[in-house]
Amino acid sequence: MSVNMKVNIAGVEWNNPVTVASGTFGSGAEYSDFVDLNKIGAVTTKGVANVPWPGNPTPRIAETYGGMINAIGLQNPGIDLFVKRDIPFLREYKDTKIIVNVCGKSTEDYCEVVERLASEDVDMLEINISCPNVKEGGIAFGQDPKAVEAITKEMKKRAKQPVIMKLSPNVTNIAEMAKAAEAGGADALSLINTLTGMKIDIHRRAFAVANKTGGLSGPAIKPVAVRMVYQVAQAVNVPIIGMGGIMCAEDAIEFMMAGANAVSIGTANFHNPNVTLEVIEGMKKFCEKNGVKDINELVGCVK
Amino acid sequence: MSEKVIKVVPVVKTEKVTEGVFSMWIKDKDLATAAKAGQFVSLYCNDGSQLLPRPISICEIDTKEETLRLVYRVVGKGTEEFSKMKAGDEIRVMGPLGNGFTLEGTEAILIGGGIGIPPMLQTAKSLHAQGVKVQVVLGYRDSDLFLKSEFEPYGSVIVSTEDGSVGTKGNVIDAIKANNVSGDVIMACGPMPMLRGIKAFAQENSIKAQISLEEKMACGIGACLACVCKSKDKDHHTNVNNKRICKDGPVFYAEEIEI
């Protein structure tokens, strides 16, 4: 039985519903030793700002039970080098879509990057208004519905590509944020970013990451993410890219049944660099076994 | 094309080196052929609650037997799992990773401190094999001189101990000074205070120094930017004076980095 794995996210057709979570995959170059990037539905890049950012002091990560905490601090080369080096590299992979994750410290920063990307050959933009690890910008935009709507509008005014707003789980009511992004004109939503967490090294009597707090990711957060994807799917009509602790095909299917049109794999890349391809294969097998002719049939099938 | 591989490989032998320190030999032709002194591998745990690979330095490379020897200290649940493995078990590994030591000089001073000692063994072997005079300086806490005798076929070996029970009381620099060790290149791996001391010593004496760093890592291949160190020059990845220890290191010339 052949299964249709193609999905359409805000007018962009992906060959399958799997992308990678921003920050876990660089711009793909390092993983291309292990993964044929052409086989992934889309590559979502590490966040890129208007200028290079050095990121946070080390240690930047700590492992936790079934997860990890990171506070990289959005180290990135800035849009100039990114445009010159990373986009041409990714464009070589004709079958995969390019989603550029955009970060900033102010509305102007975001606007500058989005304007620069308007003339670039990339398929979608993901706006990171939910990074818990930078003091200014990032999450400051993502925890107030008015701010979410306002920045979404600014992005939409300037963007030539469909705009995905990436939502933070560190809010009381994520559906409210999702509605605000939709009201601002978002073409799609992605969720969830990491949950703010903390780990203390009891032997050193010190914080495990230098930033004190960091973003918790991995299978430990998956049930929270599935719940939030479900809540957002009930609240909005735009496509959803679901993520948070996906380790295997079954996890990805679960997100789709909760209402995600596509999924992102993040922390699992660290555990298994081949995981994206294994998830895609596993999703196809699940459909074959269960008589599902089109993967899109699964989206939101659990009400 | 990269020589890195990721695969499940057999464990052919395990051994307790000393309290809390273990040896594991894994067999794989690709790994053994590609590996160089000073590189490391990522070992993955079977326990799904431990997601991140453990970066472990390569202690010995046997191209004939197609094995790598990995020597590590048990510091948490992951390394504890490895320490319970037996010959015949299998383990998922990615490697070889990073850049090893540049085998150079005519009179090399090899310095290892604590669990930084294991990677210096292959380095000693490789340098000895190409005719470099090898002088090994090992820093220990006490008289538990693990691996020391294994260095002896490849050169002179002196030790320092923190408690003064064997060799020079103090650190590796104290031992170098007490024994008037001289050379034209230093290669070192060990704790950060030791590496800082070596960088200063090398500068004072105008000796070229290669030092191997460690940091908490996630991906192990240069993508996640967790394990950076401050570098003198702009790095080619981000252009911000941050070198990636896993990919650009773990071995750096001392003057390249700020520690």
Side-chain angles (χ1 to χ4, degrees), chain A residues 20 23-35 46 48 51-78 80-82 85-86 203 208-210 214 217-220 245 247-248 266-274, chain B residues 1-8 42-55 75-79 92-97 192 213-231 234-248 258-259:
Chain A
V20 288
T24 63
F25 209 73
S27 286
E30 292 82 9
Y31 278 91
S32 64
D33 287 335
F34 303 101
V35 182
K46 168 92 180 158
V48 61
V51 293
W53 287 9
N56 287 329
T58 57
R60 291 176 168 185
I61 60 151
E63 189 178 66
T64 59
Y65 196 93
M68 65 179 284
I69 290 176
N70 91 79
I72 306 293
L74 290 170
Q75 176 182 330
N76 78 88
D80 288 340
L81 184 54
F82 179 84
R85 177 187 66 193
D86 297 27
H203 303 292
V209 295
S217 64
M247 296 297 289
C248 58
T267 302
N269 289 300
F270 303 147
H271 182 67
N272 173 10
N274 299 316
Chain B
M1 190 54 199
S2 165
E3 291 177 307
K4 289 192 289 282
V5 294
I6 179 162
K7 51 168 78 172
V8 175
S42 274
L43 295 183
Y44 296 87
C45 305
N46 286 318
D47 176 353
S49 74
Q50 311 285 310
L51 290 177
L52 301 179
R54 272 53 179 169
V75 291
K77 285 182 190 143
T79 41
R92 196 156 58 95
V93 56
M94 174 164 63
L97 299 174
M192 191 52 88
L213 302 185
E214 65 172 354
E215 183 52 82
K216 290 269 186 285
M217 293 181 183
C219 72
I221 54 175
C224 74
L225 309 179
C227 65
V228 297
C229 62
K230 287 281 154 214
S231 58
K234 295 226 187 293
D235 61 283
H236 67 272
H237 177 276
T238 315
N239 232 7
V240 289
N241 306 69
N242 271 352
K243 296 241 167 144
R244 295 167 292 178
I245 291 174
C246 68
K247 175 109 176 166
D248 305 321
E258 286 165 22
I259 54 173

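Lettering follows sequence order; numbering is per chain, from 1. Note that these values count all heavy atoms, side chains included, but never hydrogens, waters or copies made by symmetry.
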Name the option with the most non-hydrogen atom pairs under 4.5 Å to chain B; the candidates are [options].
options                             : value
A:Thr64, A:Val209, A:Asn272         : A:Asn272
A:Pro52, A:Gly26, A:Pro219, A:Pro54 : A:Pro54
A:Gly66, A:Ala62, A:Gly78           : A:Gly66
A:Gly55, A:Gly67, A:Pro57, A:Ala29  : A:Gly67

>> Can you tell me which portion of A:Ile61 sits under 4.5 Å from chain B's heavy atoms? Options are side chain, backbone, both or neither.
In response: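 Contact with chain B involves both backbone and side-chain atoms of A:Ile61.
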
> For A:Tyr65, is it the side chain, the backbone, both or neither that has a heavy atom under 4.5 Å from a heavy atom of chain B?
Replying inline: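 Its backbone and side chain both get close to chain B.
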
> Highest number of heavy-atom pairs under 4.5 Å with chain A: which of B:Ile6, B:Asp235, B:Val240?
Replying inline: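 Highest number of pairs under 4.5 Å: B:Val240.
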
> With respect to chain A, which residue among B:Ser49, B:Gly78, B:Ser42, B:Cys224 yields the maximal number of heavy-atom pairs within a distance under 4.5 Å?
Replying inline: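 When all of B:Ser49, B:Gly78, B:Ser42, B:Cys224 are compared, B:Ser49 has the most.
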
> Is the A:Phe25 ring parallel, tilted or perpendicular to the A:Tyr31 ring (thresholds 30°, 60°)?
Replying inline: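 The rings of A:Phe25 and A:Tyr31 lie parallel, inter-plane angle below 30°.
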
>> Holding to salt bridge (charged side-chain N to carboxylate O under 4.0 Å, His left out), I want the full list of residues that pass it with B:Asp47, two or more places apart in sequence or in another chain.
In response: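 Applying salt bridge (charged side-chain N to carboxylate O under 4.0 Å, His left out) to B:Asp47 gives none.
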
>> Taking side chain as everything from C-beta outward and backbone as N, CA, C, O, which of these in B:Cys229 sits under 4.5 Å from a heavy atom of chain A? Side chain, backbone, both or neither.
In response: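 For B:Cys229, neither part sits under 4.5 Å from chain A.
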
>> For B:Met217, which atoms come within 4.5 Å of any heavy atom of chain A: side chain, backbone, both, or neither?
In response: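 The backbone, not the side chain.
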
> Any donor and acceptor pair, going by atom type alone, linking the side chain of A:Asn56 with main-chain N or O of A:Ala71 inside 3.5 Å?
Replying inline: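 Side chain of A:Asn56 to backbone of A:Ala71, a donor-acceptor pair under 3.5 Å: yes, one is there.
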
> With distance as the sole test, does B:Asn241 use its side chain to make a donor-acceptor pair with the main-chain N or O of B:Ser231 at under 3.5 Å?
Replying inline: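 Side chain of B:Asn241 to backbone of B:Ser231, a donor-acceptor pair under 3.5 Å: yes, one is there.
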
>> Any carboxylate oxygen within less than 4.0 angstrom of a Lys/Arg side-chain nitrogen, looking at B:Arg54 and A:Glu63?
In response: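 Yes, charged N to carboxylate O under 4.0 Å.
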
> Would a 4.5 Å heavy-atom cut-off, applied to side chains only, mark B:Leu225 and A:Arg60 as touching?
Replying inline: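 Contact flag for B:Leu225/A:Arg60 side chains = yes.
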
> Can you name the residues that form a ring-ring contact (aromatic ring centres under 6.0 Å, His included) with A:Phe270, not counting sequence neighbours?
Replying inline: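 Per chain and number, A:Phe270 pairs via ring-ring contact (aromatic ring centres under 6.0 Å, His included) with no residue.
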
